[in-house]
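Here is the structure we will look at, set down as structure tokens.
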Amino acid sequence: LTTASLILAVPGIVNGILSIIQIILKKAGFDLRKQKPPIETWVNILAKVTEKIDDYLDTPLNFILKPIIQDNTKRQKIAKILKY
């Protein structure tokens, strides 16, 4: 059960780490576009992929919670809490 929980949380964790890294690098003055190959491109691609995976994991939880919680916003928040 713990392993399954960790596997479900990995995309969200990776996405959070990537956004923190992007913010730190921008504040430190690194120009990610001048690197060969551009690091910014790879970071953005990885961030988009993990975000999509994270959204795909939210869908079954939203479906399960739909009969219990009628408000869509509350249902999405609870699904994110349950996922993490």
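R75 places no side-chain N or O within donor-acceptor distance of the main-chain N or O of L65, the cut-off being under 3.5 Å.
In this structure, the separation between CG on N72 and CD on Q76 is 4.5 Å, given to the nearest 0.5 Å. Taken from CD1 in I68 to CD1 in I78, the straight-line distance is 9.0 Å, to the nearest 0.5 Å.
For D71, the side-chain hydrogen bond (donor to acceptor under 3.5 Å, both in side chains) criterion is met by no residue, not counting sequence neighbours.
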